[in-house]
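Below, chains carry the letters A, B, ... as their sequence lines are ordered, and counting in each starts from 1. Because only heavy atoms are used, hydrogens play no part in the values below, and waters and symmetry mates are left out as well, while side chains stay in. What you are looking at is a predicted structure, and each value in this text was computed from that prediction instead of being measured.
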Amino acid sequence: MTAVVSVLVPVALGDCYSYVAPRELAPGTIVRVPFGPREVVGAVWDDAPDTGRSPAKLKAISHVFDAPPPGAPLLDADMRRFVEWVARWTLAPRGMVLRMVLRVPEALDPEPTRPGVALAGAPPERMTPARTRVMALLEGGLSWTKAGLAETAGVSPSVIDGLVSAGTLAAVELPPPTAAARPDPDFHHPDLTGDQSAAADQLRAAVARDAASVLLLDGVTGSGKTEVFLEAVAATVAAGKQALIMMPEIALTHSVIARFERRFAARPAEWHSAVPPAQRARVWRGAAAGDVRIVVGARSALFLPFRELGLIVVDEEHDNAYKQDDRVPYNARDMAVVRGHIGRFPVVLASATPSIESRVNADQGRYAHVILSDRVPGASLPDVRAVDLRQSRPEKGRWLAPPLVAAVGEALGRGEQALLFLNRRGYAPLTVCGACGHRFSCPDCSAWLVDHRLRGRLACHHCGHTEPRPEACPACGALDSLVACGPGVERIAEEAQALFPEARSIILSSDIGGGTERIRRELQLVADGAFDLIVGTQLVAKGHTFPRLKLVGVVDADLGLMNGDLRAAERTFQLLAQVTGRAGRMGGGGSGLLQTHAPDHPVIRAIVSGDREAFYRTEIAERMATGLPPFGRLAAIIISGPDRAETEAHARAFARSAPSGEGIDMLGPAEAPLAILRGRHRFRLLIRSPRTVDIQAYLRAWLAAAPPARGGVRVMIDVDPQSFV
DNA sequence: AGCACGCCGACT
DNA sequence: GTCGGCGTGCTC
């Protein structure tokens, strides 16, 4: 009883291919099929099979994967709709989106069985203390891995071998380990403040409604957002549904996992790039089978094939790490909203500094606005002041103004931790030749090369190009003539060490080698109090709590405010709020100092006064004044290609064919995300349009009429997708 | 001749 | 996205 079915394959194709199946297969069934010279894993799809081809000419499906309930399709109708939706929204081929779902090849192989041992016969004639300990552990009739048993009993593996040959133990096959233990929603009910309880009630009510909704959980740093959304997770789990919590850069958020464990007596399943393949496979299968109830993951977790998803929490919803720029370009926060709509469940967006677009959505009533206005007891907001650099100037050749130096000295004197924050890696952002004025710039993208003294190299922060720091100027040949212009964290650390030689200091930035693991270790050392003075980039602004940190000094609060980027003010506000919020997080009494040339700038004023609303009001009004609605319906379409002139021509052609209001911004390398610069694409354009809904249709028509000659066009639509759902 | 590289088209 | 085919151009 063969049948012909449509299969979507995980390649850059939008169309399905027809295959002969051994029997009728429901859409969503995962299959392996021959495809050109190789085999790929795809999914039976809802498209009608190609009737124009005779079945005799079709290839046959080589394998049908059985899903956990035998015979049921693995990707349910909601999941398939989600794949379709993301493909349409991102203008990516459907196959590429499916690829994100099926990216775990190991998940479909049968789980390798693990050898273990279990009690099988009478106790051995000769008992020894080691054997007694082993036997005690086997009392309950449980099976163990050989290594696990030996380690727990505190004996060498040869003791186990001896018991096997004596016939007391026998080799058995162990069942595959589960990806995560069952969480208990009632394990530990936290004491919530009145504010928190009210917010938790709103979230629980949304879970109970069993309908699509979006809630913006908006609370200052230290207001206890995590405890609140954990209650929504508990309600979801209690209702028999699965919950997904997304976090940016999850590899660094150790402490949140620990909080889940305290709340639910079980570790949640983790999903991010650092999880080893075998464990990833278990989580994927567990999510599909319904064994895994809570997943904490990075943006890609959004594409796990959950069986009965009932809640998504997007923590730090404003964070840029939710954007994927290569392959299928999407914003996981927005796609989470879409998945919630399709699956008819609530999505919680949490942040102390919500993005402008989420605030606008909340203001306009499309998202429920859940506000936590107070810090939890014992964590008062830091007292932040501006240091006007026009009046308090640093000494010549220095970067720290006297009030900041004094504040750091006092904090160190009290045995407290102080942080000097500067969002610029390396020693100096620009190097010139003192003899001839030659500026060192990147041969590939013309950005200035950043001096990295600790590494002894000049590096381009846009494309990753590095070269050794030369002894002589390549332009005029002068020796030892290189002059560093401006500060980076390395230079600030040098200055701070000269001022406070007795302080134990550390530089925290992403270019300390050793990867995520080393960064995590060093953050932990800082939290444990192993350092007094920290000089850091935005790495220190995110996630981690430093209990002993009382003073945050921002070396250049204006950095980032001055460039022409659409989101410059918003991003600077978010960063400054996050980093000053680190001070006095535990026990209160924190303070912050912002070195600035523009103390009257709305962003600086909002941070100093603590009046977040003032910032949102002015920023939203300012975007209104540009003539473009503030992001609720603003589309940013980014077109990038390998060649600047050609890319520009394409963008202009697009703008001509679109009806009204589209403006084009040419963005240089500074704005282009690294992902594109590292590839072949060097230039990109941002087209802003107030006509979000129309954009896809125009873009589609335009791409069909004028396909780019080479290199392709990459399109990212960067907008609130709710109006499409 | 042999090989590296880049471009193009097919993939049921 | 990935592969094979095929052209170009270079080779101690």
J.: Would you please indicate if the ring centroids of A:Phe306 and A:Phe82 are separated by under 6.0 Å?
T.: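 No: the rings miss the under 6.0 Å criterion.
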J.: Rounded to whole angstroms, how far apart are CZ on A:Arg103 and P on C:dT2?
T.: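 In whole Å, C:dT2 P lies 12 Å from A:Arg103 CZ.
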J.: Round to the nearest Å and state the distance from A:Asp50 atom CG to B:dC11 atom P.
T.: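 A:Asp50 atom CG is separated from B:dC11 atom P by 12 Å.
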J.: Would you say A:Asp15 has more than 12 foreign heavy atoms packed within less than 6.0 Å of its CG?
T.: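 It does not: A:Asp15 CG has 12 such atoms or fewer within range.
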J.: Can you tell me the distance, in whole Å, between the CG atom of A:Leu13 and the P atom of C:dC3?
T.: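 After rounding, the gap between these two atoms is 14 Å.
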J.: Using a cut-off of less than 4.0 Å, is there contact between a side-chain N or O of A:Arg38 and OP1 or OP2 of B:dA10?
T.: no
J.: Over how many whole Å does the gap from A:Arg53 atom CZ to B:dC11 atom C1' extend?
T.: 10 Å
J.: Within the 4.0 Å heavy-atom criterion, would you say A:Phe35 contacts the bases, only the backbone, or no part of the nucleic acid?
T.: base
J.: Output the single nucleotide from B:dT12, C:dG4, C:dG1 whose closest atom is nearest the side chain of A:Pro37.
T.: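 Out of B:dT12, C:dG4, C:dG1, the nucleotide with an atom closest to A:Pro37's side chain is C:dG4.
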J.: Tell me if the CZ atom of A:Arg518 is crowded by more than 12 foreign heavy atoms within 6.0 Å.
T.: yes
J.: Find the distance A:Asp15:CG to C:dG1:P and express it as a whole number of Å.
T.: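 Going from CG in A:Asp15 over to P in C:dG1 covers 17 Å.
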J.: B:dA10 C1' sits how many Å from A:Tyr17 OH, rounded?
T.: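 So the two atoms are 7 Å apart, to the nearest Å.
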J.: Using whole Å, report how far CD of A:Glu39 lies from P of C:dC3.
T.: 13 Å
J.: Hydrogens and angles aside, do A:Ser355 and A:Glu570 bring a side-chain donor and acceptor to less than 3.5 Å of each other?
T.: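 Looking only at side-chain atoms, A:Glu570 and A:Ser355 do not form any donor-acceptor pair under 3.5 Å.
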J.: Nearest to the side chain of A:Arg99, heavy atoms from C-beta on, is which of B:dC11, C:dT2, B:dT12?
T.: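 Within the option list, the nearest is C:dT2.
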